[in-house]
Chemist: 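What follows is a single structure, and I will ask about it in a moment.
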Amino acid sequence: MKILLVAVNAKYIHSNLAVYSLRAYAKAYARHIELAEYTINHRADDILRDIYLRSPDVLCFSCYIWNISCVEEVAREFHKLRPDVPIWLGGPEVSFETGSFLKSRPWVAGVMVGEGEQTFLELCKWYVEQAGGGFPDNVRGIAYRRMPDGEVFIAPPQDAVDLSGIPFCYEDMEAFENRIIYYESSRGCPFSCSYCLSSVDKTLRFRDLALVKKELSFFIAHNVPQVKFVDRTFNCKKEHAMEIWRFIMAHDKGVTNFHFEIAADLLDKEELELLASMRPGLVQLEIGVQSTYPPTIREIRRAMRLERVKEAVSDIKRGGNIHQHLDLIAGLPYEDYRTFQKSFDEIYALRPEQLQLGFLKVLKGSYMYGQTEAYGLVFHEKPPYEVLYTRWISYGELLQVRLVEEMLEVYYNSGQFPATAAVLENAFRSAFAMFLALGRFYEERGYLALKHTRLRRAEILLEFAERADAGHIPLYRESLTFDLYLRENLKSRPAWAPDPREWKTLTRTYCKNGRLSHIEPFHYDFCPYAAGRQCAGYPQKTERCFVQFDYEERDRLSNAAKVSRCSGDFLQDLRKAGDKKI
């Protein structure tokens with residue numbers, strides 16, 4: 001008997017914690033269970049071929065909004081090839097409206113509803129011990145069509161699993177080389193956000209801290225690059241969060257980064273002081289703000305103190321040691337185009353390392369889904385069910401927001417143009433207006449549909465500056481040069497940059513390590529903008545200041561080169577030696 005567990009991930013670097021947890025929990029039947037992982041970038045025919053050649057007796061898929069289309073196509077075609085093999089689906093995308101789902105998909109034998117560990121264990125027992133005969137009437141947490149009438153049977157739900165009873169599933173690290181490790185120290189969420197499926201599960205549970213510490217030690221010892229906690233609100237229980245943060249600090253080897261999704265307004269002075277004392281790059285924080293408009297926050301049932309969020313984010317920012325990722329959602333109830341712009345500008349002003357602008361996904365099973373008519377929600381029929389328009393914001397307005405989102409990704413979240421973005425903001429009444437104007441410029445010039453190199457992105461930004469702020473072009477040329485060399489020692493030099501032969505003596509003296517460092521002159525002081533991206537005006541200097549970019553020493557948060565000014569005394573010595581161009 002071979003039971004094949006299939007994961008179709010969004011990217012190769014992702015791993016699927018669900019299927020590994022299912023296999024670990026069903027360890028009594030481990031010799032009958034095989035895992036197969038693919039990505040949505042694989043051709044469906046290639047996935048189908050590989051599954052067929054594996055010859056499963058039972059086929060199980062883990063289903064999410066990003067992979068359900070691919071899963072359905074593969075499963076439907078596999079059923080044509082092997083109609084004798086029962087196909088089971090599980091995961092959040094199939095755990096709601098299971099009756100109608102099964103009636104419209106006769107090639108699916110059944111669905112594992114909700115939490116899957118105990119259900120999968122009982123299914124394994126049924127198929128192994130019953131040799132696949134009949135249907136498992138005594139298994140809770142499943143739905144399937146009875147035979148021969150085809151009526152859908154929905155069993156009672158499983159009890160919430162004891163999180164500490166799930167065995168550690170990462171003993172063999174070879175399969176996870178160069179991939180993100182996902183880890184769970186709690187399950188469920190204490191909050192009731194209307195757009196989120198986590199609010200459905202009110203059985204908040206925590207894994208035993210002794211187990212958590214043992215497992216985190218394993219990751220640290222194996223030099224895992226990143227461990228991403230999937231806990232929905234990691235710091236909802238202060239003692240739990242503090243114990244884990246103290247532990248990873250005490251055992252840090254300077255390699256592993258830990259990602260946590262937190263509620264920033266819950267952080268108190270003690271927690272903030274602990275975070276401020278961490279090694280740069282040890283942790284990164286994801287903070288879901290979603291909106292700053294009070295009626296929207298109330299309507300989506302967010303328990304959030306906005307001013308406290310801003311204070312906490314700013315406190316963490318001043319420490320300069322933690323990457324912060326803040327989230328906004330466009331298309332929420334009561335938020336129109338104008339109020340969303342305000343939300344964007346308020347959060348952008350906090351200068352997080354990354355600002356993710358997402359669009360409402362109307363998920364089956366969420367409270368938001370039940371309010372479709374009341375909110376005038378119109379959304380895509382197919383996954384990921386993104387909003388098209390609502391009573392408050394039109395499709396045309398959301399198209400403008402999408403332009404902002406695309407430019408935000410290219411020119412802010414990429415971290416590739418920090419100095420120029422800070423300068424360009426001065427030419428616009430708001431950050432939203434700046435990104436929107438840039439997006440419209442891309443649209444007008446036909447640049448949106450094209451792939452661009454980083455140097456070409458810089459050239460386009462200079463073209464845009466020539467229109468938007470023509471009086472400061474020398475400043476933009478230098479800020480773009482600074483940004484380009486901040487990331488790498490360019491092979492192709494920008495056309496507007498001065499001839500580097502003018503300061504070749506300085507380069508030979510300061511750059512002993514070849515392409516691992518670079519010297520560049522500037523009439524403006526950009527050094528603070530490499531890290532802080534704060535804009536306070538740019539007085540032009542009468543003399544050029546020479547700056548060294550060191551690519552062997554990089555910022556742990558931004559990966560930017562270390563930036564330092566060449567000393568004034570050294571420059572004077574060079575002039576005395578006869579290099580008149582310095």
Side-chain angles (χ1 to χ4, degrees), residues 1-64 67-68 70-91 93-94 107-112 115-133 135-136 139 141-142 144 161 166-182 184:
M1 172 65 63
K2 179 189 288 187
I3 301 168
L4 183 62
L5 266 175
V6 177
V8 182
N9 301 322
K11 296 179 181 178
Y12 171 75
I13 61 169
H14 297 171
S15 57
N16 189 298
L17 177 59
V19 295
Y20 287 94
S21 292
L22 294 179
R23 182 177 66 173
Y25 198 79
K27 60 183 178 181
Y29 302 97
R31 67 187 184 91
H32 297 283
I33 302 169
E34 186 176 308
L35 297 187
E37 285 193 86
Y38 312 96
T39 77
I40 57 175
N41 297 315
H42 282 101
R43 293 173 63 246
D45 279 349
D46 292 337
I47 299 175
L48 176 64
R49 174 182 180 275
D50 189 65
I51 291 174
Y52 177 82
L53 292 176
R54 289 173 182 262
S55 301
D57 298 298
V58 181
L59 181 58
C60 304
F61 289 91
S62 179
C63 303
Y64 303 87
N67 72 5
I68 186 64
C70 177
V71 167
E72 287 201 40
E73 179 181 354
V74 171
R76 184 173 56 246
E77 302 310 317
F78 181 82
H79 180 70
K80 296 175 184 176
L81 300 171
R82 292 286 308 277
D84 57 308
V85 175
I87 298 174
W88 286 84
L89 307 185
E93 182 54 24
V94 295
W107 35 272
V108 176
V111 170
M112 290 178 276
E115 247 177 20
E117 284 89 358
Q118 184 63 32
T119 302
F120 181 69
L121 170 61
E122 293 178 18
L123 276 178
C124 288
K125 180 179 180 181
W126 173 269
Y127 280 113
V128 171
E129 296 182 7
Q130 301 293 324
F135 280 88
V139 176
I142 63 171
Y144 63 89
V161 69
I166 302 175
F168 186 56
C169 60
Y170 289 114
E171 297 291 355
D172 178 12
M173 292 304 298
E174 288 187 14
F176 301 99
E177 189 175 358
N178 301 319
R179 301 172 75 186
I180 297 172
I181 297 294
Y182 292 91
E184 186 176 39

Chemist: Quick one: does C169's side chain get under 4.5 Å of L17's, heavy atoms only?
Modeler: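 Contact flag for C169/L17 side chains = yes.
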Chemist: Is it the case that over 12 heavy atoms from other parts of the model lie below 6.0 angstrom from the CZ atom of R54?
Modeler: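 Check passes, neighbour count above 12.
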Chemist: Around atom CD of E171, are there more than 12 heavy atoms from other residues, nucleotides or ligands closer than 6.0 Å?
Modeler: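 More than 12 within 6.0 Å, yes.
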Chemist: If only atom types and distance count, is the side chain of N16 paired as donor or acceptor with the main-chain N or O of V19 below 3.5 Å?
Modeler: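 Yes; judged by distance alone, with no hydrogens or angles, the pair exists.
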Chemist: Please report the interatomic distance CD1(I51) to CD1(I87), rounded to the nearest 0.5 Å.
Modeler: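 Result: 9.0 Å between the selected atoms.
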Chemist: Nearest 0.5 angstrom please: M173 CE to R179 CZ, how far?
Modeler: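 Nearest 0.5 Å value for the CE-CZ distance: 10.0 Å.
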Chemist: Might you work through the side chain to side chain contact (heavy atoms under 4.5 Å, CB included) test for Y20 and E37, ending with a clear yes or no?
Modeler: CA-CA 11 Å; Y20 287 94; E37 285 193 86; 2.5 Å; yes
Chemist: Can you check whether L59 reaches P86 side chain to side chain, under 4.5 Å on heavy atoms?
Modeler: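 The answer is no; the side chains never approach within 4.5 Å.
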Chemist: What do you reckon, are the aromatic ring centroids of F61 and F78 less than 6.0 Å apart?
Modeler: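 Ring centroids of F61 and F78 are no less than 6.0 Å from each other.
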Chemist: What are the two closest heavy atoms between V85 and P56, and how far apart are they?
Modeler: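 Looking at all heavy atoms of both residues, the shortest contact is CG2-O, 3.4 Å.
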Chemist: Step through the shown structure and confirm whether more than 12 heavy atoms of other residues, nucleotides or ligands are within 6.0 Å of NZ on K2.
Modeler: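 Atom NZ in K2 is packed in, count exceeds 12.
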Chemist: Have a look at C124 and tell me which of W126, F120, Y127 forms a side-chain contact (heavy atoms from CB on, under 4.5 Å) with it.
Modeler: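 It is F120, the one option of W126, F120, Y127 that forms the side-chain contact (heavy atoms from CB on, under 4.5 Å) with C124.
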Chemist: Determine whether L48 and L81 make a side-chain contact, defined as any pair of heavy atoms from C-beta on separated by less than 4.5 Å.
Modeler: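 Yes, at least one pair of side-chain atoms sits under 4.5 Å.
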Chemist: Please round to the nearest 0.5 Å and tell me the distance separating atom SG of C60 and atom CG of L22.
Modeler: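 The CG atom of L22 is 8.5 Å from SG of C60, to the nearest 0.5 Å.
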Chemist: If the test is side-chain contact (heavy atoms from CB on, under 4.5 Å), which one of I68, V71, N67 qualifies with E93?
Modeler: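 Filter result, single survivor: I68.
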Chemist: Quick one: OG on S15 to CG on L35, what's the gap to the nearest 0.5 Å?
Modeler: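 Nearest 0.5 Å value for the OG-CG distance: 11.5 Å.
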Chemist: Kindly determine whether I13 and N178 satisfy side chain to side chain contact (heavy atoms under 4.5 Å, CB included), including the steps that lead there.
Modeler: CA-CA 7 Å; I13 61 169; N178 301 319; over 6 Å; no
Chemist: When you check the side-chain N and O atoms of Y38 and D50, is any donor under 3.5 Å from an acceptor?
Modeler: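 Judged by distance alone, the side chains do pair up.
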Chemist: Find the distance between CH2 (W88) and OH (Y144) and round it off to the nearest 0.5 Å.
Modeler: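 Answer rounded to 0.5 Å: 7.5 Å.
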Chemist: Would you call I142 and V111 a side-chain contact if the rule is heavy atoms closer than 4.5 Å?
Modeler: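 A side-chain contact is absent here, since even the closest heavy-atom pair is not under 4.5 Å.
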Chemist: Where do L5 and R23 come nearest, in terms of heavy atoms and distance?
Modeler: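 Smallest heavy-atom distance, with atoms named: CD1-N, 4.2 Å.
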Chemist: Are any side-chain N or O atoms of Y170 and backbone N or O atoms of Y182, one a donor and one an acceptor, separated by less than 3.5 Å?
Modeler: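 Yes: the side chain of Y170 pairs with the backbone of Y182.
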Chemist: How far apart are the closest heavy atoms of T119 and M112, and which atoms are they?
Modeler: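 So the minimum-distance heavy-atom pair works out to CG2-CG, 3.7 Å.
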Chemist: Using a 3.5 Å distance criterion without hydrogens, assess whether the side chain of N9 forms a donor-acceptor pair with backbone atoms of T39.
Modeler: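 No; zero donor-acceptor contacts below 3.5 Å.
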Chemist: What distance do D57 atom CG and L4 atom CG have between them, rounded to the nearest 0.5 Å?
Modeler: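 With rounding to 0.5 Å, CG (D57) is 10.0 Å from CG (L4).
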Chemist: Please report the C-alpha distance between C70 and I47 in whole Å, then the side-chain angles of each, then the deciding distance to 0.1 Å, and finally whether the side chain to side chain contact (heavy atoms under 4.5 Å, CB included) criterion is met.
Modeler: CA-CA 9 Å; C70 177; I47 299 175; 3.8 Å; yes
Chemist: With side chains defined as the heavy atoms from C-beta onward, is the minimum distance between P83 and W107 less than 4.5 Å?
Modeler: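 They are not in contact (no side-chain heavy atoms under 4.5 Å apart), so the answer is no.
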Chemist: Do the rings of H32 and Y29 sit parallel, tilted or perpendicular, given the 30° and 60° boundaries?
Modeler: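 If you compare the ring of H32 with that of Y29, the planes turn out tilted.
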Chemist: Which residues pass the side chain to side chain contact (heavy atoms under 4.5 Å, CB included) test with Q118, not counting sequence neighbours?
Modeler: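 Counting only residues at least two positions away or on another chain, Q118 forms a side chain to side chain contact (heavy atoms under 4.5 Å, CB included) with Y25, L121, E122, Q158.
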Chemist: Could you go through the side chain to side chain contact (heavy atoms under 4.5 Å, CB included) check for V161 and I166 one step at a time?
Modeler: CA-CA 8 Å; V161 69; I166 302 175; 4.2 Å; yes
